Q: 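There's a structure below that I have some questions on.
It should be emphasised that the depicted structure is a prediction, and the values quoted were computed from it without experimental measurement.
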Amino acid sequence: QVQLVESGGGLVQAGGSLRLSCAASGRTFSSYAMGWFRQAPGKEREFVAAISWSGGNTYYADSVKGRFTISRDNAKNTVYLQMNSLKPEDTAVYCCAGSRQRTSYSTAYYSRDWYYYWGQGTQVTVSS
């Protein structure tokens with residue numbers, strides 16, 4: 001069983017930055033692929049970014065590419081999402097997710113159904 005706890009959300013002006021953290025319990029964090037998803041009011045949960053268990057591969061939604069960076073520190077059981085040049089449309093609840101599955105298909109990382117463990121989320125609000 002893995003528990004995920006996000007932190008680092010808040011209110012920021014457009015153009016600003018935030019760094020989200022997702023702390024995982026358990027001794028097998030390094031074997032999990034990790035992802036970040038977000039959900040704005042009235043919208044579906046959407047993929048933001050993901051990172052392989054080794055950290056060697058990263059994946060991003062087109063809407064955040066070049067502005068957001070996902071990383072992980074397996075020694076600290078933590079995955080991060082550095083968000084720069086924030087826009088009002090980035091406002092959402094951001095959740096981290098974990099998957100123990102292995103795949104050779106990069107498309108899997110973009111799917112909500114591929115992840116089994118989910119955190120409760122942290123609110124990010126970007127004012128214009």
Q: Hey, mind stepping through V79 and L81 against side-chain contact (heavy atoms from CB on, under 4.5 Å) and telling me if it holds?
A: CA-CA 7 Å; V79 63; L81 185 68; over 6 Å; no
Q: Go through the steps to decide whether L20 and E6 satisfy the test side-chain contact (heavy atoms from CB on, under 4.5 Å), and finish with yes or no.
A: CA-CA 7 Å; L20 305 183; E6 303 93 338; over 6 Å; no
Q: Measure across V124 and G9 and return the closest heavy-atom pair with its distance rounded to 0.1 Å.
A: CG2-CA, 4.1 Å
Q: Rounded to the nearest 0.5 Å, what separation is found between the CG atom of L86 and the OG atom of S17?
A: 6.0 Å
Q: Hey, mind stepping through F68 and D90 against side-chain contact (heavy atoms from CB on, under 4.5 Å) and telling me if it holds?
A: CA-CA 11 Å; F68 291 10; D90 294 318; 3.9 Å; yes
Q: Kindly assign one of parallel, tilted or perpendicular to the pair Y110 and F47, based on the angle between their ring planes and the thresholds 30° and 60°.
A: tilted
Q: Do the rings of Y115 and F37 sit parallel, tilted or perpendicular, given the 30° and 60° boundaries?
A: perpendicular
Q: Please report the closest heavy-atom contact between C22 and L4, naming both atoms and the distance.
A: SG-CB, 3.9 Å
Q: Please check if atom CD in Q101 has more than 12 non-hydrogen atoms from other residues, nucleotides or ligands closer than 6.0 Å.
A: yes
Q: Given the rule that I, L, V, M, F, W and Y join up when any side-chain heavy atoms are under 4.5 Å apart, are Y116 and V2 in one cluster?
A: yes
Q: Using the rule side-chain contact (heavy atoms from CB on, under 4.5 Å), only one of I51, D73, I70, T69 pairs with Y80; which is it?
A: D73
Q: Return yes if some donor-acceptor pair links the side-chain N/O of T91 with the main-chain N/O of P88 below 3.5 Å, else return no.
A: yes
Q: Return the CZ to CZ distance between R102 and R100, rounded to the nearest 0.5 Å.
A: 8.0 Å
Q: Do Y117 and V93 sit in the same hydrophobic cluster, where Ile, Leu, Val, Met, Phe, Trp and Tyr count as joined when their side-chain heavy atoms come under 4.5 Å apart?
A: no
Q: Between R38 and S63, does a side-chain contact (heavy atoms from CB on, under 4.5 Å) hold up when you go through it step by step?
A: CA-CA 12 Å; R38 67 186 182 187; S63 59; 3.5 Å; yes
Q: Quick check for you: to the nearest 0.5 Å, what is the distance between R72 atom CZ and S30 atom OG?
A: 7.5 Å
Q: What is the distance from atom OH of Y59 to atom OG of S52, rounded to the nearest 0.5 Å?
A: 6.0 Å
Q: Check this for me: does any side-chain nitrogen of one of K65 and D62 sit under 4.0 Å from a carboxylate oxygen of the other?
A: yes
Q: Does CD in Q39 sit with more than 12 non-hydrogen atoms of other residues, nucleotides or ligands closer than 6.0 Å?
A: yes
Q: How long is the gap from CZ on R19 to OG on S7, to the nearest 0.5 Å?
A: 9.0 Å
Q: Would the number of heavy atoms belonging to other residues, nucleotides or ligands and lying under 6.0 Å from CD of Q3 be above 12?
A: no
Q: Is R45 close to W118 at the side-chain level, that is, under 4.5 Å between some pair of heavy atoms?
A: yes
Q: Where is the tightest heavy-atom contact between S128 and A14, given as atom of each residue plus distance?
A: CA-CB, 4.4 Å
Q: Identify the two heavy atoms, one from T78 and one from A23, that lie closest to each other, and give their separation to 0.1 Å.
A: OG1-CA, 4.2 Å
Q: Rounded at 0.5 Å granularity, tell me how far CH2 in W53 sits from CG in N74.
A: 9.0 Å
Q: If you compare all heavy atoms of Y109 against all heavy atoms of Y105, which two are closest, and at what distance to 0.1 Å?
A: CD1-O, 4.2 Å
Q: When hydrophobic residues are tied together by side-chain contacts of less than 4.5 Å, even through go-betweens, does V12 share a cluster with Y94?
A: yes
Q: Indicate the atoms forming the closest heavy-atom contact of A49 with Y60, along with that distance.
A: CB-CD2, 3.7 Å
